[in-house]
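Residue numbers start from 1 in every chain, and the chains themselves are labelled A, B, ... in the order their sequence lines are given, proteins ahead of strands.
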There are 4 protein chains.
Amino acid sequence: MKKAKILENKRIKMTKLYDAAYELFTSNGVHNTVIDDIVKSAGVAKGTFYLYCKDKYDLVNKIIIRKSSTILNNAMKAVEKKKTEENFDFVQCVIYFADYLIEYFKKDKKLLELIYRNLSWELYEKVMHYEEMETAREAFIENFIHAGGNSLAAKYRLYLIVSMVGSVCYSSLVLNIPYKIDDVKEELYRSIKQILA
Amino acid sequence: MKKAKILENKRIKMTKLYDAAYELFTSNGVHNTVIDDIVKSAGVAKGTFYLYCKDKYDLVNKIIIRKSSTILNNAMKAVEKKKTEENFDFVQCVIYFADYLIEYFKKDKKLLELIYRNLSWELYEKVMHYEEMETAREAFIENFIHAGGNSLAAKYRLYLIVSMVGSVCYSSLVLNIPYKIDDVKEELYRSIKQILA
Amino acid sequence: MKKAKILENKRIKMTKLYDAAYELFTSNGVHNTVIDDIVKSAGVAKGTFYLYCKDKYDLVNKIIIRKSSTILNNAMKAVEKKKTEENFDFVQCVIYFADYLIEYFKKDKKLLELIYRNLSWELYEKVMHYEEMETAREAFIENFIHAGGNSLAAKYRLYLIVSMVGSVCYSSLVLNIPYKIDDVKEELYRSIKQILA
Amino acid sequence: MKKAKILENKRIKMTKLYDAAYELFTSNGVHNTVIDDIVKSAGVAKGTFYLYCKDKYDLVNKIIIRKSSTILNNAMKAVEKKKTEENFDFVQCVIYFADYLIEYFKKDKKLLELIYRNLSWELYEKVMHYEEMETAREAFIENFIHAGGNSLAAKYRLYLIVSMVGSVCYSSLVLNIPYKIDDVKEELYRSIKQILA
DNA sequence: CATGAATGAGACTTCATTCAT
DNA sequence: TATGAATGAAGTCTCATTCAT
């Protein structure tokens with residue numbers, strides 16, 4: 001059918017734009033990437049860009065949402081596996097989750113930079129409220145209450161842990177503040193334990 | 001004397017530029033502020049700008065360094081006072097320091113945003129290695145060792161605490177992530193205590 | 001066809017830029033002509049200029065190459081005609097070639113000035129190695145050898161003659177050094193003869 | 001006396017400006033040298049520049065006049081010496097004069113470039129009508145008439161020779177057109193002889 | 001849908017010149 | 001005289017966006 005073909009073509013164009021832009025954004029920064037670079041690299045015409053995106057920042061957001069959802073999903077799957085296969089307890093799961101992300105971003109610092117530098121509340125919302133994330137959050141709170149805590153404290157502590165881990169990653173991996181992430185890890189995981197204690 | 005007058009004039013020009021730029025950067029963002037806005041607002045000629053700054057980002061850095069040094073100094077003085085007058089112990093001091101900054105940034109969210117969005121390792125270095133800061137860091141480590149810890153763990157825990165506090169401030173105050181800073185505070189300070197435990 | 005129309009439009013834009021710039025460069029000098037003058041005079045937008053030229057000096061070069069190629073081609077054709085129709089010998093041809101150029105530049109001093117003031121080795125190369133020029137040069141050397149000379153001497157004498165004629169034209173026509181070109185001509189042609197003797 | 005001291009001071013300032021500007025003009029070109037470079041390099045204040053020169057181009061002219069007068073004078077003295085000591089005849093003298101200049105400019109290409117690129121009729125006039133030059137010119141014409149020529153032909157041939165030598169120097173030494181001046185010399189001197197024949 | 005030439009507002013930066021000291 | 005901070009007009013170049021094809 002014609003319609004299917006057209007839709008498929010659109011998807012291809014969009015993907016080309018995503019991929020080209022991602023490469024440029026992470027290599028040269030969003031600020032130093034101009035629409036012309038993107039379309040040239042994607043092999044489409046300039047006008048085409050505007051058929052798919054409002055502007056450069058719209059594209060950055062779309063890319064961040066896509067990438068972070070993927071990573072978070074993978075992290076959650078990995079945690080799930082450990083839980084099932086190795087019987088990880090609650091704290092172990094949280095730490096493993098953090099560790100998964102740290103290991104990932106060690107190999108893809110540029111993405112971490114892209115995400116951090118362009119974070120906004122709207123973006124955070126979208127990423128954090130994907131269905132799977134919601135489930136994971138609820139599991140966290142559930143577990144916490146089980147251990148004798150209250151729902152609010154659970155939320156806050158999760159928030160504190162996420163903030164601490166994210167910020168440490170960013171400082172060590174992107175800003176290159178001279179505390180190597182591997183050196184800090186031990187203390188970081190100890191701190192998570194303490195916060196959850 | 002003549003020379004003194006000229007130097008005084010230079011200082012005034014510089015201050016006018018700093019103040020105008022600070023106002024514009026915090027109100028509209030660095031990206032949306034153009035040199036023209038700054039000089040118009042400062043009431044100086046465009047060429048004058050380039051007499052004092054290499055470019056816009058040079059000015060941002062200078063402003064950040066100046067502002068953060070002032071705030072950190074004030075925070076340290078306040079802590080010192082508590083220690084002397086109210087006999088605050090080590091952990092209390094750390095928490096009070098965090099609290100001082102949180103309370104400050106609650107009233108000046110825009111500055112926090114400016115600092116965070118333009119942070120780089122070089123900047124961090126400059127701010128963190130002012131003589132007074134160095135003294136405070138050493139005091140922290142000293143205290144920590146006294147309590148039976150080791151120097152490295154001290155450094156890392158300090159780093160973790162700073163990261164957590166900074167990140168929570170930024171998220172709650174700037175990104176407006178819907179955990180009010182005042183609601184999180186209690187858990188935040190508890191977490192600091194735990195990390196230092 | 002559509003494509004042809006677009007290409008035609010591009011050619012027109014380019015021509016408009018060339019013509020406007022040529023007029024301004026020769027009237028006011030390259031230094032005193034700014035991009036704004038050119039685009040205003042050509043009736044195109046400023047951005048359009050940068051679609052066709054890297055900068056002002058790129059345009060100067062392009063204009064010089066175009067103009068000098070045309071003139072040299074015409075000169076060569078005129079010589080050819082004399083040779084065929086009036087049986088001009090070698091020395092007569094060389095002198096007629098010089099004379100053709102002198103007469104041309106007498107009517108277009110400004111172009112001579114433009115060419116001389118912006119001459120560089122790369123430009124010289126480009127102009128001198130157009131296919132037709134190459135043929136003429138070879139004919140010169142050929143003739144010279146025929147008359148008992150050697151190839152190297154031929155090249156050098158051609159170079160000396162070109163230098164002398166060019167320089168005299170420039171001094172008399174552009175710098176207005178008070179030897180009128182018509183007064184010097186006789187001695188100039190005698191000198192060419194002597195050099196070729 | 002005070003007056004003498006003041007005058008001496010002025011002379012020193014002027015010399016500093018000349019020397020600094022000469023260095024910059026020949027190294028970076030007149031176009032790429034700004035007043036600020038000159039005064040900074042000369043170690044005087046910007047305002048001082050305007051006490052001594054109308055503008056940059058005024059200074060270029062002054063420098064060219066000074067430098068070329070010196071060189072031409074030296075050349076003439078050298079010729080005179082050859083004439084007296086080695087009994088050089090007229091043609092030998094002319095060729096030796098050309099050779100002296102060529103050898104000089106081989107060692108100081110930048111000066112040749114400066115002179116050529118900024119030549120104007122007024123400048124040419126000033127340089128050519130220094131008393132000593134006038135004397136040399138007259139000697140040339142005298143000699144020529146002696147040999148049976150007429151005054152006008154003498155002037156024109158001198159003009160042709162000067163043009164040819166100057167232009168060849170400029171092309172070979174400055175534009176780097178790939179005929180090495182040493183390779184062309186033989187033919188150049190032969191041509192001078194022929195023109196004077 | 002797709003194209004890419006054209007646009008022109010607007011950003012940055014330079015630098016000759018002035019003038020109060 | 002000498003200074004050099006201040007000026008601001010003038011220039012270069014960019015790039016998001018449009019629109020005719």
Problem - Test item: A:Asp36 and A:Lys46 side chains (from C-beta on) under 4.5 Å apart, heavy atoms - result: yes
Fill in the blank from the handout: With both pairing distances under 3.5 angstrom for Watson-Crick or G-U wobble, and | for a partner in another strand, the correct string for DNA chain F is .||||||||||||||||||||
Practice task
Compare all side-chain heavy atoms of C:Tyr116 with those of C:Val174 and state whether any distance is below 4.5 angstrom.
Solution key: no
Exercise for the section: Give C:Leu51 one of three labels, base, sugar-phosphate or nothing, depending on what nucleic acid heavy atoms sit under 4.0 Å from its own. Expected result: base
Practice task
Would you indicate what B:Val44 reaches in the nucleic acid, counting non-hydrogen atoms under 4.0 angstrom: base, sugar-phosphate, or nothing?
Solution key: sugar-phosphate
Handout entry: Atom-to-atom span, NZ of C:Lys54 to P of F:dT14 - whole angstrom
Key = 10 Å
Practice task
Determine the minimum heavy-atom distance between C:Lys62 and C:Tyr52, stating which atoms define it.
Solution key: NZ-O, 3.0 Å
Problem - D:Lys126 atom NZ, over 12 foreign heavy atoms within 6.0 Å - result: no
Exercise for the section: Compare side-chain N and O positions of D:Tyr52 against OP1 and OP2 of F:dA2 and report whether any pair is under 4.0 Å apart. Expected result: yes
Exercise for the section: Taking the side chain as every heavy atom from C-beta outward, state whether A:Tyr18 and A:Leu59 have any pair of such atoms under 4.5 Å apart. Expected result: yes
Problem - Within residues 9-28 of chain A, residues whose heavy atoms come under 4.0 Å of DNA chain E - result: A:Lys10, A:Lys13
Exercise for the section: Could you walk me through whether C:Ile38 and C:Leu24 pass the side chain to side chain contact (heavy atoms under 4.5 Å, CB included) test, one step at a time? Expected result: CA-CA 7 Å; C:Ile38 299 171; C:Leu24 290 162; 4.0 Å; yes
Exercise for the section: Report the residue (B:Ala45 or A:Thr33) whose heavy-atom-nearest nucleotide on DNA chain F is the more 5′ of the two. Expected result: B:Ala45
Fill in the blank from the handout: Of C:Asp55 and A:Asp55, the one whose nearest nucleotide on DNA chain F sits closer to the 5' end is C:Asp55
Practice task
Look at B:Glu8 together with B:Arg11 and state whether they make a salt bridge at an N to O cut-off of under 4.0 Å.
Solution key: yes
Exercise for the section: Decide yes or no, distance alone: a donor-acceptor N/O pair under 3.5 angstrom between the base of F:dT21 and the side-chain of C:Lys5. Expected result: no
Practice task
Carefully, step by step, assess A:Ser41 and A:Asp37 under the rule side chain to side chain contact (heavy atoms under 4.5 Å, CB included).
Solution key: CA-CA 6 Å; A:Ser41 170; A:Asp37 297 337; 5.9 Å; no
Exercise for the section: Pick base, sugar-phosphate or nothing for A:Tyr50, based on heavy-atom distances below 4.0 Å to the nucleic acid. Expected result: base
Problem - Among F:dA9, E:dT7, F:dC15, the nucleotide that comes nearest once only the side chain of B:Lys46 is considered - result: F:dA9
Exercise for the section: Would you mind telling me which residue lines up with the more 5' stretch of DNA chain E, A:Gly47 or B:Gly47, judged by nearest nucleotide? Expected result: A:Gly47
Practice task
Check whether any side-chain nitrogen or oxygen of C:Thr48 sits under 4.0 Å from OP1 or OP2 of E:dA6, and answer yes or no.
Solution key: no
Exercise for the section: Take C:Phe49 and B:Val34, find for each the nucleotide of DNA chain E with the closest heavy atom, and name the residue whose nucleotide sits nearer the 5' end. Expected result: C:Phe49
